[in-house]
Amino acid sequence: MKLEKIFGQLLKQHRMEFGLSQEELAFQAELDRTFISLLENGKRQPTLNTIFSLCEALHLKPSEILKEVEDAFNKR
């Protein structure tokens with residue numbers, strides 16, 4: 001599985017656990033809702049700035065989500 005797809009699945013999982021819609025997450029992270037959708041579907045790669053914005057909105061450390069991506073990537 002590609003890194004983009006793994007990141008997207010984890011982003012969606014964390015967003016849903018936090019009880020946010022794509023629209024709410026986009027607003028809090030100062031991003032566009034369609035961009036959140038593209039990320040969650042593995043159609044776009046996040047920049048470092050995007051990762052930090054998303055993690056701040058989800059109350060996560062960027063290192064946490066990147067570790068989750070790394071672990072999932074290594075399990076494939």
Side-chain angles (χ1 to χ4, degrees):
M1 184 180 300
K2 290 185 173 186
L3 288 172
E4 300 90 350
K5 195 74 168 165
I6 293 169
F7 180 83
Q9 289 175 347
L10 290 168
L11 175 61
K12 184 175 183 177
Q13 175 186 329
H14 283 290
R15 175 181 61 77
M16 294 180 81
E17 286 171 0
F18 206 72
L20 295 175
S21 67
Q22 288 182 346
E23 183 93 21
E24 291 166 327
L25 176 58
F27 178 77
Q28 290 185 23
E30 298 182 358
L31 298 167
D32 191 81
R33 191 217 47 89
T34 57
F35 185 60
I36 300 295
S37 177
L38 291 169
L39 287 171
E40 287 187 355
N41 288 302
K43 297 183 184 209
R44 291 288 184 273
Q45 292 183 12
T47 65
L48 193 54
N49 287 335
T50 300
I51 292 170
F52 272 72
S53 293
L54 290 168
C55 287
E56 184 176 342
L58 294 169
H59 303 284
L60 293 170
K61 292 181 181 179
S63 59
E64 290 177 83
I65 198 161
L66 292 175
K67 177 69 173 139
E68 290 177 29
V69 170
E70 179 184 8
D71 290 345
F73 184 76
N74 289 332
K75 286 181 185 176
R76 59 180 179 99

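Every heavy atom of this structure was used, including side-chain atoms; hydrogens, water molecules and symmetry mates were not.
Hydrophobic clustering places Met1 together with Leu10 (ILVMFWY residues linked when any side-chain heavy atoms are closer than 4.5 Å, directly or through intermediates). Phe27 and Met16 fall into different hydrophobic clusters, where Ile, Leu, Val, Met, Phe, Trp and Tyr residues are linked whenever their side-chain heavy atoms come under 4.5 Å apart, directly or through other members. Put simply, Phe73 and Ile65 are part of the same group of oily side chains (I, L, V, M, F, W, Y) that touch within less than 4.5 Å, one to the next. Connection of Leu11 to Leu3 is established within a shared hydrophobic cluster, with ILVMFWY side chains joined at heavy-atom distances below 4.5 Å, either directly or through further cluster members.
Ionic pairing of Asp71 and Lys67 is present here: one or more N-O contacts between side-chain nitrogen and carboxylate oxygen are shorter than 4.0 angstrom.
With respect to Arg44, the side chain to side chain contact (heavy atoms under 4.5 Å, CB included) criterion is satisfied by exactly one of Leu38, Thr34, Ile36: Leu38. Among the candidates Gln22, Gln9, Lys12, the single residue satisfying the side-chain hydrogen bond (donor to acceptor under 3.5 Å, both in side chains) test with Glu40 is Gln22.
For Glu64, the CD atom sits in a packed shell: over 12 heavy atoms of surrounding residues, nucleotides or ligands are nearer than 6.0 Å. Around atom CD of Gln13, more than 12 heavy atoms belonging to other residues, nucleotides or ligands sit under 6.0 Å away. Surrounding CD of Glu30 are at most 12 heavy atoms belonging to other residues, nucleotides or ligands under 6.0 Å away.
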Discussion item. Applying side-chain contact (heavy atoms from CB on, under 4.5 Å) to Glu24 and Arg15, what does each step give before you reach the verdict?
Written reply: CA-CA 9 Å; Glu24 291 166 327; Arg15 175 181 61 77; over 6 Å; no
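Remark: the Thr47 side chain and the Thr50 side chain contain an N/O donor-acceptor pair separated by less than 3.5 Å.
The CD1 atom of Ile51 lies 9.0 Å from the CG atom of Leu39; values are rounded to the nearest 0.5 Å. In this structure, the separation between OG on Ser37 and CG on Leu25 is 11.5 Å, given to the nearest 0.5 Å. A distance of 10.0 Å separates CD in Glu68 from OG in Ser63, rounded to the nearest 0.5 Å.
Taking the centre and axis of the six-membered ring of Phe35, the NZ or CZ atom of Arg33 falls outside the cone set by 45° and 6.0 Å.
What you find for Ala26 and Asp32 is that their closest heavy atoms are CB-C, 3.8 Å. The shortest heavy-atom contact between Ile6 and Ala72 is CG2-CB, 3.6 Å. Here the shortest heavy-atom pairing between Pro62 and Cys55 reads CA-SG, 3.6 Å.
Annotation: side chain of Phe7 is in contact with side chain of Leu54 (closest heavy-atom distance under 4.5 Å).
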